[in-house]
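Worksheet for the structure shown next.
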Amino acid sequence: MKPLVDLAGKRGLVIGIANENSIAAGCTRAFAHAGARLAATYLNEKARPFVEPVADAMGCEWIAPLDVREPGQLEDLFEEVKTRWGGLDFLLHSIAFAPREDLHGRVTDCSAEGFALAMDVSCHSFIRMARLAEPLMADGGCLMCVTFYGSERVVEHYNLMGPVKAALESTSRYLAAELGPSGIRVHAISPGPIATRAASGIARFDELLERTAASVPVHERVDIYDVGALAAFLASSAARRITGTVIPVDAGEHIMG
């Protein structure tokens, strides 16, 4: 099948593959299909057996450990990018975390520590990546993160992650404004509900999936490959004049009341 866009020769870093069903895996497949050179990360040695087969199947040139909570790991990763490739063309940030006790409780009751940790992993890490990627994108590039519509309206059981994703979306706009003069574009991709391992941490998520399929205009749920197709387009030169957007991939759910 002919690729929808051309990423031949472009160097992309994918952060957030958990297994073959993760959003980052769908994006990696689309990037690879479009001809990109890729590298990916895994959280720790426990996660590596689930990530490595996906990365190998997609032709990733290398993988590296990354837990953004561990001092120095992110800096080491970007140093490896510089050593191996000498530069970077696009990056996908697809990681999020909140302590279970804070995620499953009311926002009103969340702890300061839990809120700070969720913001650090899910939002501030994107800022850190942008800062480290900037000098590697001398000819411009694209930074992408993954959000969810719980950022702008209340979604039952999404709880703490709603405010965190709202911060991530606002961050993407400010990064787009600041990095635009350097030719670096920034986007937040907002998929509809998808059954991933990360989503399984949200209480009663299966009910949300069922309701979504019944209510969206297209009457079908989106999948990881729908997200990947958009991500590949945004990373390509076809989207060179598009930046600072929050783009839904949700079968039209965002237009419904």
Side-chain angles (χ1 to χ4, degrees), residues 1-43 47-68 73-95 125-126 128-146 172 175 179 182-189 224-243:
M1 185 170 63
K2 185 178 180 180
L4 294 174
V5 295
D6 184 11
L7 296 177
K10 290 188 178 294
R11 301 152 297 182
L13 179 60
V14 178
I15 296 169
I17 298 175
N19 55 37
E20 63 182 2
N21 298 316
S22 64
I23 288 173
C27 293
T28 302
R29 178 178 177 178
F31 296 148
H33 188 59
R37 301 175 62 188
L38 298 169
T41 67
Y42 56 93
L43 179 61
R48 184 169 184 164
F50 299 96
V51 177
E52 195 163 32
V54 178
D56 288 345
M58 304 305 174
C60 290
E61 296 183 12
W62 49 280
I63 63 174
L66 178 64
D67 183 340
V68 296
Q73 277 203 3
L74 190 58
E75 290 75 13
D76 289 345
L77 172 64
F78 277 83
E79 188 61 34
E80 186 166 5
V81 171
K82 180 180 178 181
T83 299
R84 287 178 177 265
W85 286 343
L88 187 66
D89 297 298
F90 66 90
L91 176 149
L92 176 72
H93 172 287
S94 186
I95 58 174
S125 64
F126 188 48
R128 294 170 60 198
M129 290 176 199
R131 183 168 60 246
L132 292 165
E134 182 180 14
L136 298 178
M137 294 182 167
D139 297 321
C142 182
L143 305 171
M144 295 168 281
C145 61
V146 178
S172 70
L175 292 177
L179 300 177
S182 298
I184 299 173
R185 298 172 289 111
V186 186
H187 298 284
I189 299 172
I224 60 175
Y225 306 115
D226 297 319
V227 184
L230 174 61
F233 165 72
L234 293 174
S236 75
S237 59
R240 64 189 180 278
R241 297 293 183 266
I242 306 173
T243 192

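Because the structure is a prediction, the values reported are computed rather than measured.
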Margin query: Any side-chain to backbone donor/acceptor pair from T243 onto V186? Under 3.5 Å, distance only.
Written below: yes
Item checked: Side-chain (N19) to main-chain (S22) donor-acceptor, under 3.5 angstrom -> yes
Next item on the list: Applying salt bridge (charged side-chain N to carboxylate O under 4.0 Å, His left out), name anything that partners R48, two or more places apart in sequence or on another chain.
Entry: E45, E52
Note to self: Once salt bridge (charged side-chain N to carboxylate O under 4.0 Å, His left out) is applied, do any residues pair with D76, and if so which ones, sequence neighbours excluded?
What the structure shows: none
Counting C-beta onward and ignoring hydrogens, is there a side-chain heavy-atom pair between [X] and [Y] closer than 4.5 Å?
X	Y	result
M58	I17	no
I15	L77	yes
R29	I224	no

Atom [atom1] in [X], atom [atom2] in [Y]: separation rounded to 0.5 Å?
X	Y	atom1	atom2	result
T41	L43	OG1	CG	8.0 Å
Q73	E75	CD	CD	9.5 Å
L175	R131	CG	CZ	10.0 Å
M129	L66	CE	CG	5.5 Å
S236	L7	OG	CG	6.0 Å

Item checked: F31: partners by ring-ring contact (aromatic ring centres under 6.0 Å, His included), with sequence neighbours left out -> F90
Item checked: Any residue meeting ring-ring contact (aromatic ring centres under 6.0 Å, His included) with H93, in chain and number order, not counting sequence neighbours -> F126
Pairs under 3.5 angstrom only: tabulate donor-acceptor contacts from the side chains of residues 137-144 to other protein residues two or more places apart or in another chain.
none

Next item on the list: Indicate whether any N or O donor in one side chain lies under 3.5 Å from an N or O acceptor in the other, for W85 and E61.
Entry: yes
Between [X] and [Y], what is the shortest heavy-atom contact and its length?
X	Y	answer
I95	S125	CD1-OG, 3.8 Å
F233	A238	CE1-CB, 3.7 Å
I63	A55	CG2-CB, 3.5 Å
L92	C27	CD2-CB, 3.6 Å
V54	A25	CG1-CB, 4.0 Å
A133	L88	CB-CD2, 4.3 Å

Item checked: Pairs involving residues 11-23, ordered by first then second residue, that meet salt bridge (charged side-chain N to carboxylate O under 4.0 Å, His left out) (sequence neighbours left out) -> R11-D89
Item checked: Worked verdict on V146 versus V227 for side-chain contact (heavy atoms from CB on, under 4.5 Å) -> CA-CA 9 Å; V146 178; V227 184; 5.5 Å; no
